[in-house]
Amino acid sequence: MDNGFFKNIEKKTGVNMKDVFDLANSLQNANFRDEKTVRSVIKRVSKLANKPVSRDLEDQIVKTIINDGSKLNFDTISKMINKK
C-alpha cells in the first residue's frame, strides 16, 4: 500500500495508522470468549476512535461478543454503537 494512502486516512480520521495496525496485530490471537480480553479491546478501540463507550454499552457489546461471537460482524457492532 502507498504510504500516501495511509497519510490520507490519518488526515481524514485523526487516527494514527500505526495504532490501528498495532491493534489489529494484537487481535490476531485474542480470546474473544474471555470477558477481560473483550473489555480491553473495547476500551482500546474506544480510545483510538476517541468515542466514549458507556458502561451499559460496553456490557451489551461484551455480552454479544462472548455469547454470539460466531454470529458477530461489524454491522452488528456498528448498529449497537450508533443507537441513540
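Heavy atoms only: backbone and side chains are in, while hydrogens, waters and symmetry mates are out.
For T64 (side chain) and Q60 (main-chain N/O), a donor-acceptor pair under 3.5 Å exists by modelled atom type.
Considering only residues two or more places apart in sequence or on other chains, N31 meets the side chain to side chain contact (heavy atoms under 4.5 Å, CB included) condition with R33, D34. Not counting sequence neighbours, the partners of E58 by the side chain to side chain contact (heavy atoms under 4.5 Å, CB included) test are R39, I42, K43, V53, R55, V62. Looking at residues two or more places apart in sequence or on another chain, you find a salt bridge (Lys or Arg N to Asp or Glu O under 4.0 Å) between K18 and D22. Considering only residues two or more places apart in sequence or on other chains, V45 meets the side chain to side chain contact (heavy atoms under 4.5 Å, CB included) condition with L23, V41. For S26, the side-chain hydrogen bond (donor to acceptor under 3.5 Å, both in side chains) partners two or more places apart in sequence, or in a different chain, are R44.
Residue pairs meeting the ring pair (Phe, Tyr, Trp, His ring centres under 6.0 Å) criterion with at least one partner in residues 9-66, sequence neighbours excluded, are F6-F21.
Note that CG of N8 and OG1 of T13 are 10.0 Å apart. Values are rounded to the nearest 0.5 Å. To the nearest 0.5 Å, atom CG of residue N29 and atom OG1 of residue T37 are 11.5 Å apart.
Looking only at side-chain heavy atoms (C-beta outward), L48 and V20 come within less than 4.5 Å of each other.
Closest approach of S46 to P52, counting heavy atoms only: OG-CA, 3.7 Å. The heavy-atom pair separating E10 from V15 by the smallest distance is CG-O, 3.2 Å.
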